[in-house]
Amino acid sequence: MCGIVGIVGQSAVSQLLYDGLTVLQHRGQDAAGIVTIQDNKFRLRKANGLVKDVFHTRHMLRLQGNIGIGHIRYPTAGSSSSSEAQPFYANSPFGLSLAHNGNLTNADELRTWLFTTARRHVNTTSDSELLLNILAYELQETDGLSLSPDNIFDAMEKVHQRVRGAYATVALIIGHGMLAFRDPNGIRPMVFGKRKTATGVEYMVASESVALDACDFEFVRDVAPGEAIFFSEDGQLFSRQCADNPSFSPCIFEYVYFARPDSSIDKISVYASRVEMGKKLGEKIAKEWDDLTIDVVIPIPETSCDTALQIALNLNLPFRQGFVKNRYIGRTFIMPGQEQRKKSVRQKLNAIKAEFVGKNVLLVDDSIVRGTTSEQIIDMARQAGAKKVYFASASPEIRFPNVYGIDMPSANELIAHGRENEDICELIGADKLIFQTIEDLVAAVGSTNSEIKRFETSVFDGVYITNDIDQNYLEALDAQRNDKTKETSDANADSNIDIHNEYS
C-alpha cells in the first residue's frame with residue numbers, strides 16, 4: 001500500500017506536497033519522493049525513510065516549480081531498495097514522471113512485451129516503472145510534437161487495455177501538465193480537489209481526502225474507475241472515461257485498516273463504516289456469546305477504537321483504553337519483515353494493568369493477518385492480570401493472498417489459511433475468538449453508498465475481481481517474493497550504488 005499526491009498550482013508546490021505526504025504517512029513508511037517541474041526540467045528527491053527524514057531544507061529549496069507529484073511507499077513484495085522509491089522518471093516522450101499505488105497482476109507479461117516489442121528498458125523490478133514505460137510508449141505513438149487532452153486520453157484507453165490489476169496513478173508530462181488515472185475496477189482510492197487563489201485555480205489529487213483537508217483544498221469528488229483526468233499547466237481540467245465496462249469495486253480493506261478515519265473514499269466515510277462494523281459485530285457477539293461474562297471492552301489501538309466503542313455501547317459494557325500506544329513507532333503491519341514486526345509490538349504497546357487485573361476482557365482489533373501481533377497482545381493482557389481474554393476481529397478471517405498492493409502475498413503467512421476458528425483461537429492464545437462475517441462487513445461498509453454493488457474482498461473469499469488469478473499465479477508470486485527478499489537482504493549486506501536520480 002502506498003500514498004500519492006499531485007498538485008498543479010499557481011505558485012511553488014513543494015511544501016504542499018510535503019504536507020500532503022505527511023498526513024498520508026500511515027500508508028507507507030519505507031520510502032518517500034517528490035518531483036517538481038521548473039524550466040521544463042524535473043527536480044527530484046527520493047530516498048528510503050519517513051517524509052520528515054527524506055526531505056531536509058536543502059532538498060525543499062531545490063524542489064522548485066508550480067507543478068509536482070509525491071509518493072510514500074511500503075514494499076509489497078519484500079523489497080525495500082531505495083532504487084524502487086518513487087516517483088520514477090522516463091525521458092521519452094517529452095519527459096515523464098509517475099507515482100503509483102497498487103499492483104499490476106500481469107507484470108511479467110508486460111515486462112516481456114516492453115523488452116521485445118516496445119524496446120524500452122526497465123531498470124528495477126517495480127511494476128510502477130513498468131506502468132510508466134507503458135504510458136510512455138502509448139504517448140509516443142501519438143502524432144505530433146505536442147499533446148492534446150484527446151491524445152492523452154486515447155493513449156490512456158490503450159493503457160487500460162494492456163494493463164491489469166490495481167492502479168491509482170499520477171503522472172507529470174513536461175510542457176503539458178499532470179495526468180491522474182484509476183484502474184477500471186477502482187480498487188485503489190483516488191480523490192481530487194481544488195481551491196481558488198488570487199491568480200487562478202489550483203488542483204490537487206491524493207490517495208485520501210484527508211490530504212486535501214490538510215492542504216486546504218476543497219474536495220470535489222473521487223476519480224471514477226477507469227477515468228483519466230488531465231490538468232494542464234495553465235489550470236484547465238479535462239476528463240474522460242477511458243476504460244471499457246468500468247465498475248466500482250473498491251478494496252474493502254481500505255475501510256478496515258489502511259485509510260485514516262477522517263477520510264472519505266468513494267462517498268463512504270471511513271469512520272462511519274468502522275462504527276457500522278462495531279454495530280454488526282456487537283450484535284453477533286450478543287447473539288453467540290450470551291453465556292459469557294465480559295467485564296470490559298478494550299481496543300487494540302488505533303484502527304479498532306471506533307469499532308470497539310460501538311461494540312461496548314451495543315453490549316452495554318464499559319469501554320476502556322487498556323493499552324498505551326507509543327506514537328513514535330510505525331504501523332507494524334506495513335513494516336518489512338516478520339522479525340521487525342514482532343519486535344515492534346512490545347515497543348509499540350504497553351498495558352495499563354488496572355484495566356486488566358482480575359477481569360474478563362474483550363479485546364477488539366480490526367483484523368488478524370499473520371497472528372503474531374494478536375498472540376503477543378493477548379499474552380500482554382494475561383501478564384497484566386486478565387482472568388479471561390476474549391478476542392473479536394472487526395473483519396472476517398483473512399485466508400487468501402492479496403495481489404492488488406497489500407503485503408499479504410503468501411498464504412502460508414496467513415494464520416487463518418486452512419484453519420478453523422478453534423485452531424486460530426488456540427494459536428493466538430485466546431479463551432474465545434469471534435470474527436465478523438463477510439456479509440456483515442460488506443453491509444457495514446456499503447451502508448452509506450448504494451452505488452457500490454461489489455467490493456474487492458479477495459483476502460476473505462479468494463475471489464479476485466480482475467479474473468486473472470489462479471493457483472499457478474499465486475505460487476509464482478510466492479516464489480518471486482521469497483527470491484526478492486533474499487536479493488534485497490544480499491544487496492543490503494553489500495555497498496552497491498543504486499542508479500537513480502536523487503539529490504544528496
Side-chain angles (χ1 to χ4, degrees), residues 2-9 12-14 16-18 20-21 24 28 31-47 51 54-55 59-60 62-73 82-102 104 114 118 120-124 126-140 142 146-147 151-152 155-156 159 163 167-182 190 192 203-207 228-233 498-503:
C2 301
I4 58 175
V5 294
I7 299 175
V8 176
V13 297
S14 59
L16 288 172
L17 292 169
Y18 178 97
L21 291 179
L24 294 176
I34 289 175
V35 62
T36 60
I37 298 175
Q38 185 188 40
D39 299 329
N40 278 347
K41 293 182 176 63
F42 283 130
R43 294 179 172 269
L44 171 66
R45 164 64 179 172
K46 60 179 181 177
V51 174
V54 170
F55 302 102
H59 306 125
M60 299 300 290
R62 292 168 177 167
L63 292 169
Q64 297 297 312
N66 297 353
I67 179 172
I69 61 176
H71 185 270
I72 46 135
R73 175 181 185 263
S82 60
S83 66
E84 298 200 358
Q86 299 185 40
F88 285 111
Y89 159 76
N91 69 349
S92 175
F94 308 106
L96 299 174
S97 185
L98 176 145
H100 161 228
N101 173 30
L104 307 186
L114 278 170
R120 298 187 70 93
H121 173 70
V122 178
N123 199 53
T124 71
S126 172
D127 61 337
S128 302
E129 192 182 9
L130 293 176
L131 185 57
L132 166 66
N133 278 274
I134 290 163
L135 174 62
Y137 175 85
E138 299 300 350
L139 290 173
Q140 187 81 56
T142 60
S146 63
L147 290 172
N151 292 149
I152 294 171
M156 275 308 311
V159 170
V163 171
Y167 45 98
T169 308
V170 62
L172 297 179
I173 308 173
I174 282 186
H176 294 82
M178 181 175 74
L179 174 66
F181 58 94
R182 196 175 177 192
M190 178 181 271
F192 82 92
Y203 291 99
M204 178 176 182
V205 297
S207 293
I229 303 178
F230 176 67
F231 306 87
S232 67
E233 286 185 322
D498 294 311
I499 301 175
H500 63 287
N501 294 323
E502 180 179 321
Y503 292 117

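In this chain, numbering begins with 1 at the start of the sequence shown.
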Taking atom [atom1] of [X] and atom [atom2] of [Y], what is their separation to the nearest 0.5 Å?
{"X": "Ser207", "Y": "Met190", "atom1": "OG", "atom2": "CE", "answer": "6.5 Å"}
{"X": "His71", "Y": "Leu17", "atom1": "NE2", "atom2": "CG", "answer": "13.5 Å"}
{"X": "Leu44", "Y": "Ile34", "atom1": "CG", "atom2": "CD1", "answer": "10.0 Å"}
{"X": "Leu96", "Y": "Ile173", "atom1": "CG", "atom2": "CD1", "answer": "6.0 Å"}
{"X": "Leu114", "Y": "Ile134", "atom1": "CG", "atom2": "CD1", "answer": "5.0 Å"}

Determine yes or no for a side-chain-to-main-chain donor-acceptor pair under 3.5 angstrom, with [X] supplying the side chain and [Y] the backbone.
{"X": "Asn151", "Y": "Thr142", "value": "no"}
{"X": "His59", "Y": "Val54", "value": "yes"}
{"X": "Asn101", "Y": "Ile4", "value": "no"}
{"X": "Arg43", "Y": "Thr36", "value": "no"}
{"X": "Lys46", "Y": "Ala32", "value": "no"}
{"X": "Glu129", "Y": "Asn123", "value": "yes"}
{"X": "Ser97", "Y": "Tyr89", "value": "no"}

Criterion side-chain hydrogen bond (donor to acceptor under 3.5 Å, both in side chains) on Gln64 and Ser14, from CA distance to verdict: CA-CA 7 Å; Gln64 297 297 312; Ser14 59; 5.7 Å; no

Do [X] and [Y] have side chains that get closer than 4.5 Å, going by heavy atoms?
{"X": "Leu104", "Y": "Tyr167", "answer": "yes"}
{"X": "Thr124", "Y": "Phe88", "answer": "yes"}
{"X": "Phe230", "Y": "Met156", "answer": "no"}
{"X": "Thr169", "Y": "Arg182", "answer": "no"}

After noting the C-alpha distance and the side-chain angles of Phe55 and Arg45, does the key distance pass the side-chain contact (heavy atoms from CB on, under 4.5 Å) rule? CA-CA 8 Å; Phe55 302 102; Arg45 164 64 179 172; 3.6 Å; yes

List the atom of [X], the atom of [Y], and the distance in Å for their closest heavy-atom pair.
{"X": "Val5", "Y": "Val170", "result": "O-CG1, 3.8 Å"}
{"X": "Ser92", "Y": "Gln140", "result": "OG-OE1, 2.8 Å"}
{"X": "Ile67", "Y": "Leu172", "result": "CG1-CD2, 3.6 Å"}
{"X": "Met60", "Y": "Tyr18", "result": "CE-CB, 3.8 Å"}
{"X": "Gln86", "Y": "Ser128", "result": "NE2-OG, 2.8 Å"}
{"X": "Ile72", "Y": "Gly28", "result": "CD1-N, 3.6 Å"}

Go through the steps to decide whether Leu135 and Leu98 satisfy the test side-chain contact (heavy atoms from CB on, under 4.5 Å), and finish with yes or no. CA-CA 9 Å; Leu135 174 62; Leu98 176 145; 4.2 Å; yes

Could you please spell out the steps behind the side-chain contact (heavy atoms from CB on, under 4.5 Å) verdict for Val205 and Met178? CA-CA 10 Å; Val205 297; Met178 181 175 74; 4.1 Å; yes

Mutual orientation of the aromatic rings belonging to Phe192 and Phe231 [parallel < 30°, tilted 30-60°, perpendicular > 60°]: perpendicular

Hey, mind stepping through Val163 and Leu131 against side-chain contact (heavy atoms from CB on, under 4.5 Å) and telling me if it holds? CA-CA 8 Å; Val163 171; Leu131 185 57; 4.1 Å; yes

Side chain to side chain contact (heavy atoms under 4.5 Å, CB included) with Ser126: which of His100, Arg73, Glu84? Glu84

